[in-house]
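All remarks here apply to the structure that follows.
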Amino acid sequence: MNNYLNQLNPEQKKAVQHIEGPVMVIAGAGSGKTRVLTYRIVHLLKNNISPFSILALTFTNKAAKEMRNRIEEIVGSSIASSLWMGTFHSVFSRILRIEADKLNYPQNFTIYDTEDSKSLIRSIIKEFDLDKDHYKVSVVLNRISSLKNNFITSKNYSKYHELIQTDKIAKRPEFERIYRAYDQRCVKASAMDFDDLLINTYLLLDNFPQALLKYQNKFQHILIDEYQDTNHVQYLIIKKLAALNENICVVGDDAQSIYSFRGAKIENILNFKNDYPDLKSYKLEQNYRSTATIVETANSLIGFNENQIQKTVWTENEKGEKIIVCKCNSDSDEGRLVANTIFEIKYREQVHEKDFAILYRTNAQSRAIEEALRKKNIPYKIYGGLSFYQRKEIKDILAYCRLTINPNDEEALKRIINYPARGIGQTTIQKLITVSNNMNISIWHLINNLSEFDHGINKGTSNKISDFSAQINSYISQSEKYDAYFLAEHIAKSSGVFNDLYNDKSPEGVSRFENIQELLNGLKDFCENNEENLLANYMQDVALLTNQDNEKKEDFNKVTLMTVHAAKGLEFPYVFVVGLEQNLFPSLLASDSQENLEEERRLFYVAITRAEKRLFLSHTTNRFRWGNYIFCEPSQFLSEIDEKFIIKKEAETKKEKKRPNRFDFKKSFKKIEQKLTPPKGFKKIKPGSHNTPIVSSDLSIIKNGMSVKHAKFGKGKIIEISGENFDKKATIFFENIGQKQLLLRFAKLEIL
DNA sequence: GTATTATCTAAGTCT
DNA sequence: TAGATAATAC
């Protein structure tokens, strides 16, 4: 415990030792940020600060776990385990369970994941009988989420006239009603979505002065990692919590802010000093992670961004090898290139699989890479994509568990009331929902007291429903008596889910069965390692767990595949960044504004700076995307890197045996034409008449200066046309919302 | 009410 | 392409 200060450079040491008052640490990539946070906590503990009064908020559970382990090595496990450390979501859900009654929630509230939220919104839209083309579930949910992240609740939404105006323009005037209904239904189900965990924490602190004082006094020292990726509500919460002691230390790097889509505000770090006049800030600029070539490459790239805190990341590390930029003919060639390179390096340089990471912009890209790795027998692990806990069979079992702990949980109930099939079909469920909405009771209350309500469900079905509720009731009565493992296993068997999967001998069925086994093993582990081992204890954080959190021991020495987002905070000796193509990285959806493009560039910066020794970048000229081969141009980011750092190569092409044709432009274009054909029932108007809708071959007649109408954005004028054929884009100035760049094949413009 | 098949639609990053 | 939803037969 004594020599930890010796392991720090002067600036790091200052940041660690300055424990009174507000501190901001701007930490360049690879500059020992985690080390500073870890040792700062150790330093606090050494200065007789109680572990119970330290709150450390990290970006992922994994980061928290690793930091806790490192602290444990120095100060011992009993102290380390007393620290309040975790993600915003997990720490605040812990607090909310303690204080639930103040917010009129039960202590056992459910956390809705995205799928639950979507399902709820889908049913609300259906119940309101709204047009689902104007009310797209994902759009509505995104909007609700970003409102919540900016602390605009359904209750005070009506104060924001400009938002209501936006709804009208976007042809969803009923949005506010949906938002309100969504919130009410969550409350009725005793459920909170991810954003509610933050909003409700803020409401707790804002509306209950004693609670605020309690936590202000409790958390004498607050540390926040990855501060550049906090959103507005998180900012508000932190500001309140820290107001009494102002012992707050935030650590971050504006150049690595990559979560604006989740409401993250880079301004939080840029304006931090405005809130704390006494702020002392430290800059960690020495990179210990990467070769000089990699550091300078990253610097040359990020220089293209205008918006940033000035800092110079430098390193004493050796120059290292140049960066390889490789051009491939297709995504499968790219996969092969990566696999071959890993294979070669592994044997030539005698390194391990765990030293390699393959990073991509989108999860869908993993497939081609996986295929190539499998062919070469290179073991790999994938983070992200469909998380273990999001698989159907796991969610089914967990839905039973959720219902046992919180029977008001409507989404869980809807999921399993007829799985395995027990004769309670759509019509019946719809009747139940209608009655429960009209009477403002939960479905659970309704099905427990069926005879008291007028629902029009026949006797036979009523009996089936009663059987179901009796089954759940029996689980509830056992939930206090038996541990989580015992109960979950009992549920899996007695509900029929286990049997249902056991009888399915297809490869998928077998794998589903194994997944259930794995879930049960996890529960067993949980029960053996926790004193409080009831199902309710286990269920508390399950919704917040991700793939990263259940890494298995046998996965230790494997090549890592993940998105760049997921790679934040990690480092690997050898890094491959694949798919560096225009409209993929940077994403097509980010090309409409300067801010979005800068964020993509920061994302690429994050990708590059994960590498310690060597960096490989690749792009393809043809990529299988959306069911077609499409032609790809190299990413603009590649041309932004100073040429002196790179070596350009071309990957060898291998003839495919039995894959769909190589990119066939005519064929591909035909498909697009089909998509542009108006739907059935669309009124056909003769060409030349006033408002001819643009279809198929008409794509080429769109010219600069034309007045057009877009279904969503309204009227506008074309101010620029760019790209060719498939990628033809128009920059349009819309009367209502201003300038936007649209892909013509999606835009379905009407010429006015 | 259920199981199977046809059709449609989206297509990005995550707690 | 794949997942969700609608249509169909039983």
Side-chain angles (χ1 to χ4, degrees), chain A residues 57-64 86-93 111-115 117-119 122 126 132-133 136-139 142 145 148-149 192-198 226 229-231 233-234 257-264 359-365 367 383-387 389-390 392 418-430 457-458 460-461 464 541-549 562-568 579 583-591 596 599-600 602-603 606-607 624-630 660 671 674-675 679-680 743 745-746:
Chain A
L57 297 167
T58 60
F59 199 71
T60 62
N61 290 311
K62 196 182 173 201
T87 61
F88 279 83
H89 289 85
S90 67
V91 168
F92 293 163
S93 75
I111 298 172
Y112 272 180
D113 67 15
T114 309
E115 208 182 308
S117 299
K118 277 190 175 162
S119 157
R122 195 172 294 123
K126 210 169 175 183
K132 60 180 184 193
D133 289 332
K136 293 223 163 96
V137 174
S138 55
V139 174
N142 277 335
S145 176
K148 285 187 177 180
N149 285 328
M192 296 191 196
D193 66 16
F194 290 133
D195 306 312
D196 288 335
L197 294 175
L198 305 178
E226 309 283 9
D229 281 320
T230 51
N231 65 34
V233 188
Q234 288 168 328
S257 161
I258 54 173
Y259 276 95
S260 72
F261 70 92
R262 231 170 80 181
L359 309 180
Y360 35 77
R361 178 67 181 79
T362 68
N363 281 306
Q365 288 166 257
R367 185 179 295 190
Y383 290 118
L386 195 59
S387 135
Y389 298 97
Q390 282 166 346
K392 185 191 172 299
N418 198 34
Y419 177 77
R422 47 174 77 86
I424 307 171
Q426 271 306 308
T427 344
T428 310
I429 294 170
Q430 216 47 56
I457 295 169
N458 67 41
T461 313
K464 289 172 186 164
D541 307 312
V542 155
L544 299 173
L545 294 180
T546 63
N547 263 353
Q548 291 198 17
D549 301 318
M562 54 168 60
T563 62
V564 183
H565 280 93
K568 188 166 84 157
N583 296 339
L584 180 60
F585 200 173
S587 158
L588 170 68
L589 297 123
S591 57
N596 283 341
E599 176 150 322
E600 293 285 310
R602 289 194 294 269
L603 191 59
V606 168
F624 199 63
R625 256 183 119 181
W626 311 328
N628 276 310
Y629 271 107
I630 60 168
K671 269 216 155 166
Q674 282 168 9
K675 283 178 188 168
K680 277 176 224 155
L743 258 190
R745 70 189 139 111
F746 290 137

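All heavy atoms count here, side chains included; hydrogens, waters and symmetry mates do not. A, B, ... follow the sequence lines: proteins, then strands. Residue 1 opens every chain.
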Rounded to the Å, how far apart are [X] [atom1] and [N] [atom2]?
{"X": "Arg625(A)", "N": "dA2(C)", "atom1": "CZ", "atom2": "P", "answer": "15 Å"}
{"X": "His565(A)", "N": "dC14(B)", "atom1": "NE2", "atom2": "C1'", "answer": "8 Å"}
{"X": "Arg422(A)", "N": "dT2(B)", "atom1": "CZ", "atom2": "P", "answer": "11 Å"}
{"X": "Lys136(A)", "N": "dA11(B)", "atom1": "NZ", "atom2": "P", "answer": "9 Å"}
{"X": "Gln426(A)", "N": "dA7(C)", "atom1": "CD", "atom2": "P", "answer": "14 Å"}
{"X": "Lys148(A)", "N": "dC14(B)", "atom1": "NZ", "atom2": "P", "answer": "21 Å"}
{"X": "Lys568(A)", "N": "dT13(B)", "atom1": "NZ", "atom2": "P", "answer": "16 Å"}
{"X": "Leu584(A)", "N": "dG12(B)", "atom1": "CG", "atom2": "C1'", "answer": "10 Å"}

So, OP1 or OP2 of [N]: does either fall under 4.0 Å of a side-chain N or O from [X]?
{"X": "Thr60(A)", "N": "dT15(B)", "value": "no"}
{"X": "Arg122(A)", "N": "dT5(C)", "value": "yes"}
{"X": "Asn418(A)", "N": "dT2(B)", "value": "yes"}
{"X": "Arg367(A)", "N": "dA2(C)", "value": "yes"}
{"X": "Thr428(A)", "N": "dG1(B)", "value": "yes"}
{"X": "Asn363(A)", "N": "dC14(B)", "value": "yes"}

**Prompt:** Between dA4(C) and dT13(B), how far is it from one P atom to the other, in whole Å?
**Reply:**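 Looking at atom P only, dA4(C) and dT13(B) are 16 Å apart.
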**Asked** Is the shortest heavy-atom distance from the side chain of Thr428(A) to the side chain of Lys464(A) under 4.5 Å?
**Response**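 Not in contact.
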Sugar-phosphate only, base, or nothing, as touched by [X] at under 4.0 Å among non-hydrogen atoms:
{"X": "Gln234(A)", "value": "nothing"}
{"X": "Tyr259(A)", "value": "sugar-phosphate"}
{"X": "Asp113(A)", "value": "nothing"}
{"X": "Leu197(A)", "value": "nothing"}
{"X": "Ser587(A)", "value": "base"}

**Residue mapping more 5' on DNA chain B - nearest nucleotide basis, Leu603(A) or Thr427(A)** =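 Closer to the 5' end of DNA chain B: Thr427(A).
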**Asked** 5'-most contact on DNA chain B: Leu544(A) or Thr362(A), nearest heavy atom basis?
**Response**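 Comparing both residues, the 5'-ward one is Thr362(A).
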**Request:** Take the angle between the ring planes of Phe59(A) and Tyr259(A) and call it parallel below 30°, perpendicular above 60°, tilted in between.
**Result:**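 Ring orientation, 0 to 90° scale: tilted.
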**Message:** Pair Ser90(A), Asp541(A) - check side-chain hydrogen bond (donor to acceptor under 3.5 Å, both in side chains), show working.
**Reply:** CA-CA 7 Å; Ser90(A) 67; Asp541(A) 307 312; over 6 Å; no
**Request:** Taking only the side-chain heavy atoms of Ala421(A) (C-beta and beyond), determine which of dT15(B), dT13(B), dA3(B) contains the nearest atom.
**Result:** dA3(B)
**Message:** Can a donor-acceptor pair be found, under 3.5 Å and without considering hydrogens, that links the side chain of Asn583(A) to the backbone of Ser587(A)?
**Reply:**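 Flag not set: sc Asn583(A) to bb Ser587(A) has no pair under 3.5 Å.
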**Request:** Check step by step if side-chain contact (heavy atoms from CB on, under 4.5 Å) holds for Tyr112(A) and Asp196(A).
**Result:** CA-CA 10 Å; Tyr112(A) 272 180; Asp196(A) 288 335; over 6 Å; no
**Distance-only donor-acceptor test (3.5 Å): side chain Gln365(A), base dG12(B)** =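 Between dG12(B) and Gln365(A), which were checked side chain against base, a qualifying N/O pair under 3.5 Å is absent.
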**Prompt:** If you measure from the ring centre of Phe261(A) to the centre of the six-membered ring in the base of dT13(B), is it under 5.5 Å, with the planes under 30° apart?
**Reply:** yes
**side-chain contact (heavy atoms from CB on, under 4.5 Å) between Thr563(A) and Arg361(A), intermediate numbers included** = CA-CA 5 Å; Thr563(A) 62; Arg361(A) 178 67 181 79; over 6 Å; no
